Structures are given as C-alpha cells and as structure tokens.
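As the structure lists them, so they are numbered: ligands from 1, and atoms in each ligand from 1. As the structure is a prediction and not an experimental result, all values here were calculated from the model.
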Amino acid sequence: MHTVLEADFGASSGSFRTAPDSGSGFWWIFRMDQTGFDNALAHPDDPLPEPGAVLNDPEDPPKPTSSIFEERYAYLPQPMIIKNAFMDWKARKQLTFQYLKEVYNRWPDALNHFSNECQFLPFKSVFATLNEFFNMPESDVNSGNPPWYVGFSNCHPNILKELRELYPRPHFLPTDAELPNTDYTFLGEGEGAVMHLDYIPRLMWQAQLQGNKTWFISPTPECDSKCSSFSFYVEAGDAVLIDTRIWYHGTITGQFSITIQSEYG
Ligand SMILES: O=C(O)CCC(=O)C(=O)O
Ligand SMILES: [Fe+2]
C-alpha cells in the first residue's frame, strides 16, 4: 500500500512529502519562528493522522513553547524535524570547506589523529584520512566529480572551541541535557551514509547548515508492528532529532550539504 503524509509549510519553506509506504504518523514536525515554536504539526496526544492527511492548520494543534518542547518532546523516541531552527547561526555562512581546512591547518596534529572518539568516516569517497580529504585537488572541492561525502568528529579541543564560536548549544535542548565533548561535521554531495544504527550513548541532533538532504528511516524489528519506514527532506536551517540507536538511518543529499551533528541526553 502506498500512502502519503504531506504537510504544507507555506511559501517560505516549501512543501514536504514523505516517501511512499510511510504514513504511520510515527514522527513529528515542528516549525520555529523568531520567538520559539510556532506550531506543532502533530502532537503526541492527538490521534495519529490518517494516512494522506494534510497537516497544515497553524492554529490547531496547539503551540508548544520551548519549555514544553523540553518536557514533552525532547526525549520521545519518534524522529523529529524542526523547520527553521537554526536560521540565525553564523555557521550557516561561515562554516565552509575552506574554513574547516584553515582551522585544521592551524592544529595539524588533529589531521592524522585517530581513535574511537576521533573518527573519520569516508563513506564511499577515496580519502583514507582527514589529511587526504583536506588536501584533495582544488578542482575536486566543488566539482562533485569524483563525488565525495565524509563525516568526522571535531574532537581536538582547540578546533572544537573555534567551531563552536560559530554555533551555540541548540536553544531547544533541555537545559540540563548532557552534551558530548565532540561534534561531528558531515559534508559533501550525492550519496551520504548507508542505512545503519549508531552505537552511541545519547540521542542525536543534527543542524542542516547548507544545502539539503533526504533522510531514509526504518524501524528495528522490535517496532515492526507499529512503525514503518519513511523518509523526509531537510533544508538549510532545519534541525533533525533522531534516536539513531533505534532507527536505521541513511542519507542522500540534494545540493552540496554541510551539517553539524552531536548528541544530547
Ligand atoms: O548526516 C549524515 O549523512 C549521516 C548522519 C548520521 O549517520 C548520524 O547523524 O548518525
Ligand atoms: Fe548515524
């Protein structure tokens, strides 16, 4: 059965459509305005929307404030998207390949440093190390040919400190949530992460800084009877919150994508 759950976010953020075979309603979308959460397009106390429902009435369901988000939503197992969550982050303009390369070149010992905490994930690209990645030919940086997509943790304390000057702690996270001492950067174009689960101690948040990306989500067998697979599309400024320990996830970019990803718990 092919079902579609669709929500219209209006002209500014475009429309949204899940992949075929979704429609379990087992996920949430929020939209942020300058003062906080503008509306929740679905609410845990509401009956699950009918497959195919269009959830576009800004007055109904109710508006969660940041503290309600913290209390009621932040630790739910359902994946969430928060539209326009990070519109004012400096990182959206300043955190580029060139910027990252400059920062890493100031702390060269971080370029060849590997450990469980300091991972370099080349996915399908040809780079074996961060050093090779940052030293790819200038012509390959923007051409998308050969295509590349990588992720790495910014675990060097000085690098992390410099990068965190470009973005704050996400303001909707619970104030007492524990955050790790490292944040990941994922960047590139085309095929991203293949479907996987993460072995991490906390929930995952990700900020889409530039470009856009489609996420593919599938439940683990324990939830097969209640949950279904779905996909969603995020644009620059959006937040993605997923418990990546219980939802298989994979990505594919549309336009060249840069994200910051970390954990909370
Ligand atoms: O952003 C991506 O492409 C993959 C991210 C991921 O696997 C994660 O956040 O756990
Ligand atoms: Fe992951």
Exercise for review: Taking Thr129 for its side chain and Glu132 for its backbone only, find out whether a donor-acceptor pair lies under 3.5 Å.
Suggested key: yes
Study note, to complete from the structure: Any protein N, O or S atom under 2.8 Å from the Fe ion (ligand 2)? Found His196 NE2, Asp198 OD1, Asp198 OD2, His249 NE2
Check your understanding: Is the side chain of Asn131 donor-acceptor paired with the backbone N or O of Leu111 at a distance under 3.5 Å, no angle test?
Key -> no
Check your understanding: What residues sit with at least one heavy atom under 4.0 Å from ligand 1?
Key -> Tyr149, Phe186, Ala193, His196, Asp198, Met204, Gln206, Lys213, Trp215, Thr244, His249, Thr251, Gln261
Review point. Under 30°, 30 to 60°, or over 60°: which ring-plane class applies to Trp89 and Trp205, parallel, tilted or perpendicular?
Key: perpendicular
Check your understanding: Does atom CD of Gln261 have more than 12 heavy-atom neighbours, drawn from other residues, nucleotides or ligands, at distances under 6.0 Å?
Key -> yes
Review point. Would a distance-only check, ignoring hydrogens and angles, find a side-chain to backbone donor-acceptor pair under 3.5 Å from Asp243 to Pro77?
Key: no
**Study point:** Sole residue of Gln210, Gln208, Glu235, Glu189 in side-chain hydrogen bond (donor to acceptor under 3.5 Å, both in side chains) with Ser257
**Key:** Gln208
Check your understanding: Do you reckon Leu166 sits in the same ILVMFWY cluster as Trp107, going by side-chain contacts under 4.5 Å, direct or chained?
Key -> yes
Check your understanding: Has Asn181 got more than 12 heavy atoms of other residues, nucleotides or ligands less than 6.0 Å from its CG?
Key -> no
Review point. Side chains of Gln119 and Tyr184: is there a donor and an acceptor less than 3.5 Å apart?
Key: yes
